[in-house]
Engineer: 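I'd like to ask you about the structure that follows.
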Amino acid sequence: MATTREAVPASWVHLCRADEIGEAQSRGFDADAEGQDSLFVVRWQGRLHGWRNACPHIGGAPMAWRRDAYLNAEGTRIVCHAHGAEFMPDTGLCVQGPCRGERLSRIELVVDTDGELFVKS
Amino acid sequence: MKIVGLESLIFGVDDVRGAARFLVDYGLTPVDVSDRRGRFEAIDGTAVVIARQDDPALPPGPVPGCRLRKTVMGVADDATLGAIAAELRRDREVRRLPDGSIESIDDSGFVIGFQLAARRPFVLAGEISNAPGGVVFRPINSLGVPPPGSVIRPRSLSHVVYFVPDVVKAEAFYVNRLGFRCTDRFTGTGPFLQPGGSLDHHTHFLIGAPPHMHGVEHFTFHFGGPSEMITNGYRFVEKGYQAFWGPGRHILGSNWFWYFNSPFGCHIEMDADMDQHDASWQPREATVSADNSQTFLLKMRKKWYPGPGIPENGDYA
């Protein structure tokens, strides 16, 4: 989940305003300027969680089926749309599919006092 | 048995509207689409059908989590339909449905259907290369690269790839019971299978996998040629869809490929220019690895020459 700090180091990467990501929504970010989203953020039960855009089941496979589309229709699971693995939005634990029992890699998020969302780099 | 190929694939989805948009953006033509279901056709009428995952009309998938609910194959004549029904009734239930098709289950738990092939014949030239010394050339002043805004449509449902827990048993069902031929094989992984009424390198590819992988790896439609397929792929990426692997060209089957993530719990591919084989073809066997799956892989480079506003080395790393 995101922690709140008054100020963030200049090297951290700004993502967006934290309140732009609504409940049960997800958004991908190309934080490394690779032309491919390297991480995504989901809001689940009010809290933001950041995850690396890399399914543990096959060598860092990108997970969305469309830009920012990392969740199932109900917004209750993160889904890898390569082979259908499903993950809990808050723990990153795979609960169904080819990598059951494995976890997504967490990305540490920070929200500053102005409500801006950052990721450590 | 004259099974001519895939007629349709039926998926249960949690977001009909989103899946419908995905299939239209892929290039398929929507037919009879509602908030609950829809049919999406290639030029010849072969199709993907989607319905809400809780639709009671959907058969069950092989395992929970597999969104593919049924694979429908087309057959050439009533004799084949009858022969399949008689063969499968020896050891399993075969249901005759109101539309005249038959439905049963394969040895891996996938529901399968057979109907008289309803694909519409059409004539539309595929991609032609202007090669010195060649026999067939593009018409003079016609262009090899699809122009911006040109309509690109998938031509025909091509193949489906299953993850199966017992690949020997799975292959035996299609070969011994339904008359498929193995055209090529990845050692220890599985066979490419061609039905008796098709010349395509494969309509099915089986991959032996642990039980928790049981389901579908991908499915795909044939496009008119590599230029058309790759142009369509770039348009798909520009619409926000996630590429997985490609564009490139496979070795076994020679088909051009580009794989994308999908809302169907598996990949969707665009393919073009697959080899055709008859019964005289001797199957090859290869170990599965990237080196044996792709003969080359293409990469777009948007900046490749020095000029105004472009770094000295373009975007070369």
Side-chain angles (χ1 to χ4, degrees), chain A residues 24-42 51-89 93-104, chain B residues 11-19 21-23 25-26 35 52-54 61-68 161-163 165 207 209-218 236-245 259-269 290 299-303 315 317:
Chain A
Q25 290 183 353
S26 59
R27 188 159 159 187
F29 295 94
D30 182 9
D32 299 327
E34 296 171 329
Q36 165 78 47
D37 288 348
S38 59
L39 65 96
F40 62 96
V41 177
V42 300
W51 302 106
R52 188 163 297 287
N53 181 20
C55 183
H57 121 261
I58 182 166
M63 296 172 64
W65 65 273
R66 189 172 62 205
R67 191 167 296 135
D68 300 332
Y70 292 87
L71 299 171
N72 62 355
E74 294 77 28
T76 54
R77 295 279 191 280
I78 293 166
V79 180
C80 175
H81 293 89
H83 293 116
E86 297 188 9
F87 303 83
M88 294 305 297
L93 178 68
C94 179
V95 293
Q96 179 167 295
C99 45
R100 187 180 303 175
E102 296 184 57
R103 287 179 190 272
L104 299 172
Chain B
F11 289 90
V13 299
D14 62 357
D15 175 8
V16 169
R17 193 177 299 246
R21 181 178 159 198
F22 177 90
L23 293 170
D25 286 343
Y26 177 91
D35 285 343
R52 284 177 55 101
Q53 58 190 3
D54 56 1
V63 289
C66 176
R67 295 191 179 280
L68 178 66
V161 178
Y162 297 146
F163 286 124
I207 301 175
H212 62 267
M213 295 285 294
H214 199 166
V216 177
E217 205 299 315
H218 73 266
F236 205 48
V237 168
E238 286 169 3
K239 288 172 180 163
Y241 297 104
Q242 176 65 60
F244 180 77
W245 181 27
Y259 297 90
F260 298 84
N261 285 0
S262 86
F264 305 108
C266 62
H267 289 128
I268 190 171
E269 182 190 355
K299 185 180 187 308
M300 172 76 96
R301 193 175 294 287
K302 291 183 177 173
K303 300 171 183 173
D315 63 356

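Computed from heavy atoms alone, side chains included, the values below leave out hydrogens, waters and symmetry copies. First the proteins, then the strands, lettered A, B, ... as listed; each starts at 1.
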Engineer: Sort B:F163 into side chain, backbone, both or neither according to what part of it lies under 4.5 angstrom from a heavy atom of chain A.
Structural biologist: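 Contact with chain A involves the side chain of B:F163 alone.
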
Engineer: When rounded to the nearest 0.5 angstrom, what is the spacing between CZ in B:F244 and CD1 in A:I58?
Structural biologist: 4.5 Å

Engineer: Can you tell me which portion of B:V237 sits under 4.5 Å from chain A's heavy atoms? Options are side chain, backbone, both or neither.
Structural biologist: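 Answer is backbone: N, CA, C or O of B:V237 sit under 4.5 Å from chain A.
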
Engineer: Quick one: does A:H83's side chain get under 4.5 Å of B:E217's, heavy atoms only?
Structural biologist: yes

Engineer: Heavy-atom pairs under 4.5 Å with chain B are the metric here; pick the option from A:G97, A:P98, A:G84 that has the most.
Structural biologist: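 Most heavy-atom pairs within the cutoff with chain B belong to A:P98.
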
Engineer: With a 4.5 Å heavy-atom cut-off, do A:H57 and B:M213 have their side chains touching?
Structural biologist: yes

Engineer: Under the side-chain contact (heavy atoms from CB on, under 4.5 Å) rule, collect the residues that match up with B:D54, sequence neighbours excluded.
Structural biologist: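 Checked B:D54 against side-chain contact (heavy atoms from CB on, under 4.5 Å); matches are B:R36, B:R52.
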
Engineer: So, B:D15 side chain and A:A73 main chain: donor-acceptor pair closer than 3.5 Å or not?
Structural biologist: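 No, because the side chain of B:D15 does not come within donor-acceptor range (under 3.5 Å) of the backbone of A:A73.
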
Engineer: List in chain and number order the residues that pass side-chain contact (heavy atoms from CB on, under 4.5 Å) with B:D25, two or more places apart in sequence or in another chain; answer none if no residue qualifies.
Structural biologist: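 If we apply the side-chain contact (heavy atoms from CB on, under 4.5 Å) test to B:D25, skipping adjacent residues, the hits are B:R21, B:F236, B:K239, B:Y241.
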
Engineer: Roughly how far, to the nearest 0.5 Å, is the CD atom of B:Q242 from the OH atom of A:Y70?
Structural biologist: 6.5 Å

Engineer: When only pairs under 4.5 Å are counted, which of B:G240, B:G215, B:G65 shares the most heavy-atom pairs with chain A?
Structural biologist: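 Option with the top pair count is B:G240.
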
Engineer: Among A:M63, A:R67, A:H81, A:R100, which residue forms the greatest number of heavy-atom pairs with chain B at distances under 4.5 Å?
Structural biologist: A:H81

Engineer: What distance do B:F260 atom CZ and A:W65 atom CH2 have between them, rounded to the nearest 0.5 Å?
Structural biologist: 14.0 Å

Engineer: Which region of B:A243, side chain (C-beta onward) or backbone (N, CA, C, O), has a non-hydrogen atom less than 4.5 Å from a non-hydrogen atom of chain A, or is it both or neither?
Structural biologist: backbone

Engineer: With distance as the sole test, does A:N72 use its side chain to make a donor-acceptor pair with the main-chain N or O of B:D14 at under 3.5 Å?
Structural biologist: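 Such a contact is absent between A:N72 side chain and B:D14 backbone.
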
